[in-house]
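Structure first, commentary second.
Sequence positions, counted from 1, serve as the residue numbers for this chain.
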Amino acid sequence: MDNVKKLSALALAIAVAVPAVANADILISEYVEGSGYSKAVEIYNSGSAAVDLSGYSLVYYSKGETTPKTIIELDGSMAAGAVKVISNKDSRNVISLEPSIDSRLATIYFNGDDKVGIIKDGTLVDILGEIGTTGDWAKDVTLERKADVTLASADYVQSQWLTKAKNTFSGLGARSGDFGGGSTPVEPAFSCVGETLTPIYDVQGTGRKSPLIEAGKYESADEVTISGVVTARGESLFKGFYLQEVVGDGSPDTSDGVFVYLGEAAPESVQPGVQVCVQGKVKDYYGLTQLDIKKEKKMEIGEMGLVPSPANFYVAEGENLTQALNRYEGMQIQLDVGSDMKVTRSFGYDYASRRNNMVLSHKAPLMKPTQVFAPLSAEAIALQNANRNNELYVESDYKAKNGEVPYFPTFNAETGYIRIGDQINNLTGMVSYSYGEPRLVVTNEVVAGDFVRINERSDAPEIANEGDIRVASFNVLNLFTSDSDIGGPLNPMCKDQADADASRGCGRGAHSLEDYQLQRTKIVNAIKAMNADVIGLMEIENNGFGEHSSIQYLLNALNAELSQDDAYAFIEPASADMYRGEFIGSDAITVGILYRPAKVQPAVDARIIAMPEQHAAAGVATRGEGAKAETSPAYDKYQRHSLAQTFMIHGEPLTVVVNHLKSKGSGCLEDWLEFSENKDPADLQGKCNEFRVSAAKVLGESLKDVEGGLLVIGDMNAYGLEDPIAVLTDYDASNSNRELVSASWTRLNGEVYEQAGSVIDKGYGLINLNTLFHGPATFSYSYSGELGNLDHALANEVVADKLVAIEDWNINSLESNLFEYSGKYTGDLLKSENAFSSSDHDPVIIALTYPRCHKPGKGKGKGKGGPWFRETCASWCEVKPSHPFCR
């Protein structure tokens with residue numbers, strides 16, 4: 001036996017008598033993470049003198065934690081060059097050590113995702129693993145420190161360690177190499193021979209949860225043994241493989257497949273078609289029924305056979321999509337014409353799972369409940385529940401690369417696109433669950449022809465040439481020029497140029513000239529096709545009206561491609577009405593108006609309508625009761641100002657008001673009071689709804705005396721039947737079962753507006769033109785797989801009587817956001833200059849009839865100043881009463 005590996009009793013006695021010296025180091029020399037409970041740690045005194053172990057302890061850091069947990073507090077002493085083995089005291093630990101080895105027993109919990117260290121008097125002196133990180137970095141291995149390492153280190157140095165095979169125990173008791181003091185047991189191979197097999201369909205049962213798992217539990221009390229054919233492997237999103245009965249029970253109510261969880265990729269021998277028998281407990285993991293064999297890996301691999309054909313998926317009469325999918329859990333299915341599955345969210349980034357994926361629904365895309373039903377109505381609640389039970393997330397096992405749809409290799413912006421509403425056929429995949437939601441993990445590839453268009457692209461709005469004039473609303477998705485690459489002036493929220501250039505600074509739009517030019521080109525192409533005479537813009541950068549401003553750059557690019565008769569100009573408010581003399585409000589984005597001087601003319605100066613602000617100091621409100629009561633944080637919330645312009649059209653005035661109300665994303669005081677600051681409020685109207693009601697009230701009051709035609713357009717950040725739209729239209733408290741309330745702690749133009757929110761009694765009587773023409777189920781926007789209208793056209797009766805047509809031109813809401821201008825998350829995906837995905841909101845186009853007033857005797861034969869002229873051109877005469885034709 002090597003004399004450095006074992007000390008005689010005499011040598012040990014002599015060493016104990018010698019006091020510890022400064023050059024002694026106690027360090028970890030070996031680590032064993034074997035099968036089951038076979039775990040051990042070897043420590044080593046690298047110094048030239050014995051060490052008193054008082055104050056030393058062996059610890060571990062669980063997963064990503066930074067606070068250690070004690071394995072054992074050491075005592076006694078260690079001679080120079082001696083080793084000590086701490087082994088798991090569980091009776092199922094199969095490590096056996098020779099009696100001559102200095103050893104201790106302790107409860108050891110580490111599982112390959114923990115870090116092991118030595119602490120002296122509360123200070124870390126040696127560590128194996130990087131504290132604060134996660135992952136199975138040291139699972140199923142034996143790690144031995146290299147022989148030339150003699151100094152303990154509180155910083156993990158991976159290069160100091162050698163990796164040996166799982167269940168290598170022979171080095172325990174030796175500083176390095178094999179000592180022979182630890183035996184390595186031979187594990188018998190698992191076999192299903194003699195085991196009682198449980199059919200997979202009995203594991204699945206007919207309910208959402210396996211009948212083998214007791215109520216209130218998440219795993220079965222006992223292990224079960226199942227056998228089947230492998231239908232697919234999972235190596236990333238789902239680590240394991242899927243097993244399916246060769247001959248099922250023939251019942252459409254039970255699944256014949258199940259997922260087998262390994263915690264890692266299956267061995268290469270486990271391939272589709274192979275017969276496999278496994279044994280483990282049944283677990284319910286966030287909705288997924290699985291057989292968990294991660295620890296023991298009780299698995300017997302049989303012969304290669306045929307892979308069962310995918311089942312044709314269908315939703316039976318009387319069941320919803322979630323219920324139907326439960327019948328196929330763990331099985332491979334195919335979507336065909338009879339499946340009737342539609343895209344309800346195009347391929348893009350999923351915030352919940354931090355992955356790129358797509359969502360399907362049965363029969364039709366999902367509609368936002370508050371678009372078609374009043375908030376908190378029984379119908380809205382029922383539709384919300386129905387929507388959540390009508391979603392199938394389409395996944396790939398591996399996380400998709402930026403700009404790629406893994407199962408659609410010919411995905412492109414011109415011919416291989418995906419639109420919401422498309423019916424998908426010939427797609428196969430495994431039915432699984434993740435994040436509590438059903439997932440289809442795709443196992444094949446599709447082509448463009450497998451997407452059957454229900455709502456095909458159109459190169460121009462259908463109403464592009466209808467009516468005498470057309471007015472449009474268009475959110476242009478942060479059209480910014482302030483980045484250094486583009487060269488525009490800063491907006492009022494920018495601290496400096498570096499802030500404008502930063503990815504999270506005041507520059508919300510393009511951060512390269514190439515991205516900006518693509519964005520502007522797409523917007524220009526959309527505007528040209530719209531053929532509108534007045535266009536209200538939202539989300540254009542609020543950086544003034546100078547030669548390098550965002551609105552001027554857009555105008556230049558637009559007019560460069562138009563004739564003089566079709567060219568546009570923009571509305572510039574008087575400097576005295578603007579913030580710092582150049583901005584419409586103080587936000588980074590603003591609203592704007594383009595118009596064709598050859599068709600319409602401004603009749604008066606533009607008017608800026610200031611929107612309310614919310615300023616609530618900390619502690620102005622309380623929620624909860626008693627000891628659990630808490631006071632509110634401070635809130636300072638703002639809304640973008642609106643812009644109004646009256647135009648004269650064939651002698652008649654039309655006032656167009658462009659708006660962009662507070663977004664639904666960040667919370668206001670009312671959301672905190674309702675415990676909804678970190679979730680969607682129960683009424684489904686998003687955050688800051690009462691604050692938007694305040695804006696609607698201010699807007700209604702500001703416009704109630706407008707003479708002639710009135711058209712209120714823009715991104716109201718409120719769906720069709722939500723409170724702000726109700727306030728501006730037909731709300732009547734006497735016919736409502738719920739109150740509409742404005743926000744508290746609001747100010748307007750620097751003065752207190754409403755210290756406490758007020759109850760709205762009646763709306764301002766405008767008419768929702770989309771609802772008038774098409775009914776409530778219209779849309780211009782898609783969010784989280786639901787369609788609805790945030791972009792509105794509200795009018796008084798004068799304009800409603802002139803309505804010829806209104807259209808949400810669906811060039812953006814139905815498209816994938818991967819085709820938008822930004823290249824940040826789209827990899828090598830080629831973009832197109834076409835109008836599709838020019839923004840995330842659809843333009844809304846309104847066609848109106850404004851017949852031209854003919855002068856007397858010019859084509860009408862009515863004579864000079866006759867009664868026909870005075871009746872037909874009354875509005876024109878109101879503007880010019882002194883005209884001889886009007887006398």
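The side-chain hydrogen bond (donor to acceptor under 3.5 Å, both in side chains) check on Gln639 picks up nothing, with sequence neighbours excluded. Listed by chain and number, the residues in a side-chain hydrogen bond (donor to acceptor under 3.5 Å, both in side chains) with Asp723 are Gln685, Asn689, Arg738 (sequence neighbours excluded). Every residue two or more places apart in sequence or in another chain that forms a salt bridge (Lys or Arg N to Asp or Glu O under 4.0 Å) with Asp422 is listed here: Arg453. Under the side-chain hydrogen bond (donor to acceptor under 3.5 Å, both in side chains) criterion, Asn812 pairs with Ser838, sequence neighbours left out. Shown here are the salt bridge (Lys or Arg N to Asp or Glu O under 4.0 Å) partners of Glu613, two or more places apart in sequence or in another chain: there are none. Remark: Glu456 engages Tyr417 in a side-chain hydrogen bond (donor to acceptor under 3.5 Å, both in side chains) (not counting sequence neighbours). For Glu722, the salt bridge (Lys or Arg N to Asp or Glu O under 4.0 Å) partners two or more places apart in sequence, or in a different chain, are Lys664.
Screening residues 706-733 for ring-ring contact (aromatic ring centres under 6.0 Å, His included) gives no qualifying pairs among residues at least two apart or on separate chains. Evaluation of the ring-ring contact (aromatic ring centres under 6.0 Å, His included) test over residues 586-608, restricted to residues two or more places apart or in two chains, returns Tyr595-Phe647. Under the side chain to side chain donor-acceptor pair (under 3.5 Å) criterion, the residue pairs touching residues 800-809 are Ser458-Trp809, Glu652-Lys802, Asn770-Asp808, Asn789-Asp808, with sequence neighbours excluded.
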Enumerate donor-acceptor pairs with a distance under 3.5 Å from any side-chain N or O in residues 600-612 to protein atoms, sequence neighbours excluded.
unit_1	atom_1	unit_2	atom_2	d
Gln601	NE2	Pro597	O	3.1
Arg607	NH1	Ser702	O	3.2
Arg607	NH2	Ser702	O	3.2

Pairs under 3.5 angstrom only: tabulate donor-acceptor contacts from the side chains of residues 580-594 to other protein residues two or more places apart or in another chain.
unit_1	atom_1	unit_2	atom_2	d
Asp587	OD1	Arg508	NH2	3.1
Asp587	OD2	Arg640	NH1	3.1

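For the pair Asn659 and Leu699, the minimum side-chain heavy-atom distance is below 4.5 Å.
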